[in-house]
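Heads up, the thing below is written out as structure tokens.
Letters A, B, ... mirror the listed sequences (proteins, then strands); counts begin at 1.
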Amino acid sequence: MRRSRSLVPTLREDPADAEALSHRLMVRAGLVRQLAAGVYVYLPLGQRVLDKVSAILREEMNAIGGQEITMPVIHPAEIWRESGRWDAIGGEMFRLKDRYGRDMCLGMTHEEVVAWLAAREIRSYRDLPQIWYQIQTKERDEARPRSGVLRTREFVMKDSYTLDPDTEALERSYAAHEAAYRRIFDRCGLRYHVVQSDPGMMGGLGSHEFMAPSPAGEDEIAICRSPACGYAANVELATGVPAPPAFPAWTREEVPTPGVRTIAEVAALLGIDPRLTIKSLLYVAPKAGPVLALVRGDHALHERKLARALGEEPRPAHPDEVREALGAPVGSVGPVGAPVPVLADEALRAGAWVVGANREGFHLRGVAAGRDFECRFVDLHTVAAGEACPRCGTPLDVERVIEIGNIFKLGTKYSVPLKAMYLDEAGHERPIVMGSYGIGPARIAASAVEQGSDADGIVWPWAIAPYHVYIVLVGAKDAAQVAAAEAIYAACWRQGLEAILDDRDERPGVKFKDADLLGIPVRVTVGNAFAKEGVVEVRCRRTRQEIRTSCDGVVDAVRTLRAGLATP
RNA sequence: CGGGGUGUGGCGCAGCCCGGUAGCGCACCUGCUUUGGGAGCAGGGGGUCGGAGGUUCAAAUCCUCUCACCCCGACCA
């Protein structure tokens, strides 16, 4: 590739609408351009990165017996009605009608199509197991696209599906995918954790997520600091054991707390540690109605945990609903005498607490769960760093992460409604046991940028870099330098090194800045040193190690530098 | 969907509060000089200020509505 004839629109300044590091750099380096909120054009260099990732995905999926197929982006409503998701999914699904008025939708994922296909083509246990995968565009009308390419409304996904005769076989398919995913992310040069995750509306028997640590991430995970333990889970799921506070020897009594609303104000007024208080939050569930959720004063309620405990999605009650249900304003409510079901966080089992008195301007102190109010104990609070690991007691870390892959044990959630059945050895009809597995190539790219860049720009891992070598031709008007650069360019390609030749009529500084910004692993400079001594400089983008060599030595020098990288 | 913010040449911004008919840097074009970390000088092209309506002698600037985009939260199959 010659820069003089290529579309690589680099930007000197950060784009105004980009916040996340990877977003800024991917736009500045000319990898992508935004067409609409959450809708991106991939320019030549961005496309090459995606192609590199896809090639790795294909190799590793094929290696575990995956068969590539392509399923449609546009789906008839019927299959989604059969699985129940036509109604279960809200505004996130793009829906449309064809010219005859038939309901259609754009595929957000392809479990339904796989089950439809399996229902038609799989008949016998002899046809199982199967691994089908595709690298295909997904359409999701995200409520809030964000962080550049990290959360978009249209994106390419490698999604694979396993079909097995029973859950035992599913476990093997699942394990094969987990191993393949580890190889994929290792090859892509990412740092990541594998964590337990909430299967959510996907349903099923269990799931894990592959999480790349980055401040741009949208998820948080809790991981045990003891490597031997290995406990790691999405905070939606993670449990931690907080250290209990020291309770004063107080007896139960009502105390006036005029005008206070928040835990901080209550604690300040009474001169106590906020950890001695209970935060009482009224939620309204669609079926169960109002419920009171309790967490320790210094903890945050995790709404997904509450939703899981209730089996439905609750919403916070409005202030007037709180007054109606409990007879007191938001700042003074508590579980004692509350005429609604009470769910209390596990951390509240023991202790004498300060709670709202359900009487405006008053709190109760010395209140004990079970004695002073009835409740169901469940895990409700969001894990904070430093809490004890539920398995081994070691402190937990909490990290912000980008979800780069997920694996789900679906079970028969889709095969039963879509009638994907097979006959077993005994001639009995049984539902196929499915699994589904996703990876977002754009998220891999963005994670690599997040994890690898420095102050000068992107630093691509070799395996997914759009090119391997960036040749800076300093003296674009010096025939000898041009000839040398051309020779190096040709030699690189001949030897399997993908090279860019910066042959533009630009000043050297411009080319050096661009080379750094683009993050191509190795830079070759043909300039003064060549004109004077016949020497070119071969430099590693990541380590900045430089090798001076003759033109003939460039390919070897590139290989030497590559060998010195941690993730070659 | 709730909260906050921004829309002015290709990009990044100023001007808006205190209406008077658009400016800066970069980029772009021409010429000369320059050529190892985003060059200098000179000359030049390009925008009626997101859109619609209104107030006014006069609107980028004031009012109303609307659209788009960004950030926080909710949601995330």
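With RNA chain B read from its 5' end, the first of the two nearest nucleotides for A:A529 and A:S147 is the one closest to A:A529. Where A:P314 and A:A16 each meet RNA chain B at their nearest nucleotide, the meeting point lying more 5' is that of A:A16.
Using Watson-Crick or G-U wobble geometry with both donor-acceptor distances under 3.5 Å, B:G2 finds its partner in B:C72. B:G20: Watson-Crick or G-U partner is B:C57, with both key distances under 3.5 Å. Under the Watson-Crick and G-U wobble criteria, each requiring two contacts below 3.5 Å, nucleotide B:C26 is paired to B:G10. Figure legend. B:G45 is base-paired to no nucleotide; pairs are counted as Watson-Crick or G-U wobble with both atom distances under 3.5 Å. Using the Watson-Crick or G-U wobble rule with both distances under 3.5 Å, B:U64 pairs with B:A52. Taking a pair to require two hydrogen-bonding distances under 3.5 Å in either a Watson-Crick or a G-U wobble arrangement, B:C32 pairs with B:G40.
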N/O contacts under 3.5 Å, protein versus nucleotides 29-33 of chain B?
none

Taking only N/O atoms, report every protein-nucleotides 2-7 of chain B pair under 3.5 Å with atom names and distance.
none

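Between A:D456 and A:R541 there is no salt bridge, since no side-chain N of the basic residue sits under 4.0 Å from a carboxylate O of the acidic one. Taking 4.0 Å as the cut-off between side-chain N and carboxylate O, A:R144 and A:E218 do not count as a salt-bridged pair. Ion pairing between a basic and an acidic side chain is recognised when a charged N comes within 4.0 Å of a carboxylate O; A:R2 and A:E486 show such pairing. Salt bridge present: A:K409 and A:E171 bring a charged side-chain N and a carboxylate O closer than 4.0 Å. Salt-bridge annotation for A:K413 and A:E111: absent, with no side-chain N of the basic residue lying under 4.0 Å from a carboxylate O of the acidic one.
Residue A:G90 is in base contact, counting any heavy-atom pair closer than 4.0 Å across all strands shown. Heavy atoms of A:R24 sit nowhere under 4.0 angstrom from any nucleic acid atom. Within 4.0 Å (heavy atoms only), A:E236 reaches no atom of the nucleic acid at all. Counting any heavy atom pair closer than 4.0 Å across all strands shown, A:E13 reaches a base atom.
Between A:R146 and B:C70 there is no side-chain polar atom (N or O) within less than 4.0 angstrom of OP1 or OP2. Put simply, A:R507 has a side-chain N or O that comes within less than 4.0 Å of OP1 or OP2 on B:A39.
Each side-chain hydrogen bond (donor to acceptor under 3.5 Å, both in side chains) pair with one or both residues in residues 24-33 of chain A, not counting sequence neighbours, appears once here: A:D14-A:R24.
Taking atom C1' on both nucleotides, B:U48 is separated from B:A60 by 9 Å, rounded to a whole Å.
Rounded to the nearest 0.5 angstrom, A:R3 CZ and A:R504 CZ are separated by 3.5 Å.
A:L473 has its side chain within reach of A:V482: a pair of non-hydrogen atoms, C-beta onward, lies under 4.5 Å apart. A heavy-atom distance below 4.5 Å is found between the side chains of A:M434 and A:V114.
Counted within 6.0 Å of CD on A:E324, heavy atoms from surrounding residues, nucleotides or ligands total 12 or fewer; the atom is thus considered open.
Minimum atom distance to the side chain of A:V474 is reached by B:G36, of the listed B:G36, B:G12, B:A74. Of the candidate nucleotides B:G37, B:G38, B:C69, B:G37 has the atom nearest to the side chain of A:D516.
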